[in-house]
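Each remark here refers to the structure printed beneath this line.
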Amino acid sequence: MNEKLFCLEAIQCNIRRYGWQAWGTRMMAFAVAGACLLALALTGSKPGLLQNVLPVVMLFLLWLLDGHYKQMQKRYIELFAQAQKQENKTDLVIHVPDKLNVTAMWRPVVALPYLIMIGIFAVVALR
């Protein structure tokens, strides 16, 4: 029984860890977007191609990372539910795909902040 409780606690720790990592990634994206917009405002000149593209690429990469963390958190939540139902088995395996999981990016909680920030840079680029 102690093994099962240990496994459940470890799964809960992973769920919290992935949640915090996703939150940290989102805050980093806001910081990157804010710093880039502040730099554009302080320079006062028309932004060049590098100044327009670099923040969008950085935000896109952070969006991928945030989607991965949210997908892994979801998988560990499902694993936790499965582990609670098991009687004495403690062999719990979570399958992590070898390829990049882009479907997790389109969850509304993940996609909305990044789409807004990328949209802001698109508006800045068009002015």
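The two residues A33 and F121 make their nearest non-hydrogen contact at O-CZ, 3.7 Å. Contact between L62 and A29 at its shortest, heavy atoms only, is CD1-CA, 3.6 Å.
The side chain to side chain donor-acceptor pair (under 3.5 Å) check on Q73 picks up K70, with sequence neighbours excluded. Scored by the side-chain contact (heavy atoms from CB on, under 4.5 Å) test, I116 finds L112, I120 as partners (sequence neighbours excluded). Partners of Y69 according to the side chain to side chain donor-acceptor pair (under 3.5 Å) rule, which considers only residues two or more places apart in sequence or in another chain, do not exist here. Listed by chain and residue number, W63, L64, M105 satisfy the side-chain contact (heavy atoms from CB on, under 4.5 Å) test with F60 (two or more places apart in sequence, or in another chain).
No side-chain heavy atom of Q12 sits under 4.5 Å from any side-chain heavy atom of L8.
Taken from CG in L79 to NZ in K74, the straight-line distance is 13.5 Å, to the nearest 0.5 Å. A distance of 10.5 Å separates OH in Y114 from CG in L61, rounded to the nearest 0.5 Å. The CZ atom of R75 sits 13.0 Å away from the CD atom of Q82 when rounded to the nearest 0.5 Å.
Sorted by first and then second residue, the salt bridge (Lys or Arg N to Asp or Glu O under 4.0 Å) pairs involving residues 19-34 (not counting sequence neighbours) are R26-D66.
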Check: residues 15-22 side-chain donor-acceptor pairs under 3.5 Å, at least two apart:
unit_1 : atom_1 : unit_2 : atom_2 : d
R17    : NE     : N14    : OD1    : 3.3
R17    : NH2    : N14    : OD1    : 2.8

